Amino acid sequence: MNLAQTERAGLVEALRLAGSDAPTLCTGWDTRDLAVHVLLRERRIDATAGMFVPPLAGWTGRVTRAYRSREYDDLLADIAAGPPWYSPFARPDKFLNLAEMFVHHEDVLRGGADAAGPWVPRKLPPGLDEALVLPLKTVGRLTMGKSPAAVTLTTPDGRALLSVGKGAPVTVTGSVGELLLFAFGRAPVDVALTGDDEAVDRLRNAARGL
């Protein structure tokens, strides 16, 4: 399996172990909501338009409710099967779905961290951190391009992966996977922010995410 498929399998297993109503890092979403989101993105692109075009919101709502009413195990089986042949995500699955599967896998694993006790990052499969470099650069430009600080995303060995934003310099240090989650606005994440205290606070509290 490629890394996107490995993360997909991990996401499905995490969703199964968590159950259908567990918290996730996606604000307002439980595990069932997240599962439905993944399926709409891959199988019902017609229903995602309502997220961006208000007149189509009713259609999006109806399709979403229909998917939410399905058996949870059936939702997980469809996620495990991957995008169908007609999906725009089918052929480029290993490129377009790697970050999506990784982030949502972590959304589930970390969603109940406060209730479950101290959270510890998992050990990632070989090659995954490096494979996430390109998604990090793409996402980081989109989510932090208007950052209230001049942000440099750096790995612990000193490799600067991305510099975006304007203002006082702030360095965010962490593994590539943790930096990607930070760029998506997720928390908790295992990163260290260094720089001017006010700039660090502004960056920490700034909205991020697509």
Side-chain angles (χ1 to χ4, degrees), residues 1-116 119 122 128 132 135 138-139 142-143 177 180-189 207-210:
M1 293 196 298
N2 62 46
L3 290 169
Q5 292 169 331
T6 299
E7 286 302 294
R8 180 184 296 275
L11 168 61
V12 171
E13 181 63 13
L15 286 167
R16 180 173 289 112
L17 291 174
S20 63
D21 59 356
T24 75
L25 293 189
C26 300
T27 303
W29 283 4
D30 62 16
T31 41
R32 180 182 292 274
D33 295 320
L34 193 150
V36 168
H37 160 76
V38 171
L39 291 177
L40 292 185
R41 173 181 175 271
E42 294 189 339
R43 293 169 176 257
R44 294 300 303 268
I45 196 168
D46 61 301
T48 62
M51 298 170 60
F52 312 100
V53 183
L56 300 178
W59 173 245
T60 297
R62 286 194 294 274
V63 176
T64 300
R65 287 190 293 275
Y67 268 78
R68 286 197 93 262
S69 69
R70 295 177 54 192
E71 292 292 332
Y72 188 62
D73 285 345
D74 291 341
L75 298 177
L76 301 191
D78 280 351
I79 295 174
W85 64 268
Y86 57 80
S87 170
F89 297 98
R91 291 180 65 84
D93 174 56
K94 67 180 180 180
F95 303 109
L96 295 185
N97 282 329
L98 175 58
E100 181 84 3
M101 295 300 116
F102 169 76
V103 170
H104 287 325
H105 188 182
E106 294 297 329
D107 284 336
V108 178
L109 292 176
R110 305 181 191 202
D114 289 342
W119 162 78
R122 66 183 166 115
L128 179 54
L132 291 171
T138 302
V139 170
L142 291 172
T143 63
L180 178 63
L181 290 163
F182 177 82
F184 267 104
R186 300 307 204 257
V189 289
R208 296 185 301 280
L210 299 175

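Predicted model, so just to flag it, every value in this text is computed and none were measured. For the numbers below, each heavy atom of this structure counts, side chains included, while hydrogens, waters and symmetry mates do not.
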Notebook entry, point to check: Going by an N to O cut-off under 4.0 Å, is there a salt bridge joining Arg41 and Glu100?
Noted result: yes

Next item on the list: Begin with the C-alpha distance, continue with both residues' side-chain angles, and end with the deciding distance and a verdict on side chain to side chain contact (heavy atoms under 4.5 Å, CB included) for Asp78 and Val38.
Entry: CA-CA 10 Å; Asp78 280 351; Val38 171; over 6 Å; no

Do any side-chain atoms of residues 1-12 form donor-acceptor pairs under 3.5 angstrom with protein atoms, and if so which ones, sequence neighbours left out?
residue : atom : partner : partner atom : Å
Asn2    : OD1  : Ala4    : N            : 3.0
Asn2    : OD1  : Gln5    : N            : 2.8
Gln5    : OE1  : Asn2    : N            : 2.9
Thr6    : OG1  : Asn2    : O            : 3.1
Glu7    : OE1  : His105  : ND1          : 3.1
Glu7    : OE1  : Arg122  : NH2          : 2.6
Glu7    : OE2  : Arg122  : NH1          : 3.4
Glu7    : OE2  : Arg122  : NH2          : 3.4
Arg8    : NH1  : Glu42   : OE1          : 3.2
Arg8    : NH1  : Glu42   : OE2          : 3.3
Arg8    : NH1  : Ile79   : O            : 2.9
Arg8    : NH2  : Glu42   : OE2          : 2.6
Arg8    : NH2  : Asp93   : OD1          : 3.4

Margin query: Give me the atom names and distance for the closest heavy-atom approach of Ala66 to Ser69.
Written below: O-OG, 2.7 Å

Next item on the list: Kindly compute the distance separating CG (Leu40) from OG1 (Thr64), expressed to the nearest 0.5 Å.
Entry: 4.5 Å

Note to self: Quick check for you: to the nearest 0.5 Å, what is the distance between Ser87 atom OG and Leu96 atom CG?
What the structure shows: 9.0 Å

Next item on the list: Verify side chain to side chain contact (heavy atoms under 4.5 Å, CB included) between Arg110 and Val189, making sure each step is shown before the conclusion.
Entry: CA-CA 9 Å; Arg110 305 181 191 202; Val189 289; 3.9 Å; yes

Check: How would you list, by chain and number, every residue that makes a salt bridge (charged side-chain N to carboxylate O under 4.0 Å, His left out) with Arg16, sequence neighbours excluded?
Finding: Glu13

Check: Got a donor-acceptor contact below 3.5 angstrom from the Tyr72 side chain to the Ala35 backbone?
Finding: no

Note to self: Looking at Arg43 and Pro84, would you say the former's side chain and the latter's main chain have a donor-acceptor pair under 3.5 Å?
What the structure shows: no

When the side chains of residues 22-34 are checked against the rest of the protein, which donor-acceptor pairs come out under 3.5 Å, sequence neighbours left out?
residue : atom : partner : partner atom : Å
Thr24   : OG1  : Cys26   : N            : 3.1
Thr24   : OG1  : Cys26   : O            : 3.4
Thr24   : OG1  : Trp29   : O            : 2.9
Asp30   : OD1  : Arg32   : N            : 3.1
Asp30   : OD1  : Asp33   : N            : 2.9
Thr31   : OG1  : Gly19   : O            : 2.5
Thr31   : OG1  : Ser20   : O            : 3.3
Thr31   : OG1  : Asp21   : N            : 3.3
Thr31   : OG1  : Ala22   : N            : 3.1
Arg32   : NH1  : Arg68   : O            : 3.0
Arg32   : NH1  : Arg70   : O            : 2.9
Asp33   : OD1  : Arg68   : NE           : 2.6
Asp33   : OD1  : Arg68   : NH2          : 3.3
Asp33   : OD2  : Asp30   : N            : 3.0

Notebook entry, point to check: At their closest point, which heavy atom of Arg186 faces which heavy atom of Asp107, and how far apart are they?
Noted result: NE-OD1, 2.6 Å

Note to self: Testing the basics here: between Leu109 and Ala14, what is the closest heavy-atom pair and its distance to 0.1 Å?
What the structure shows: CD2-CB, 4.0 Å

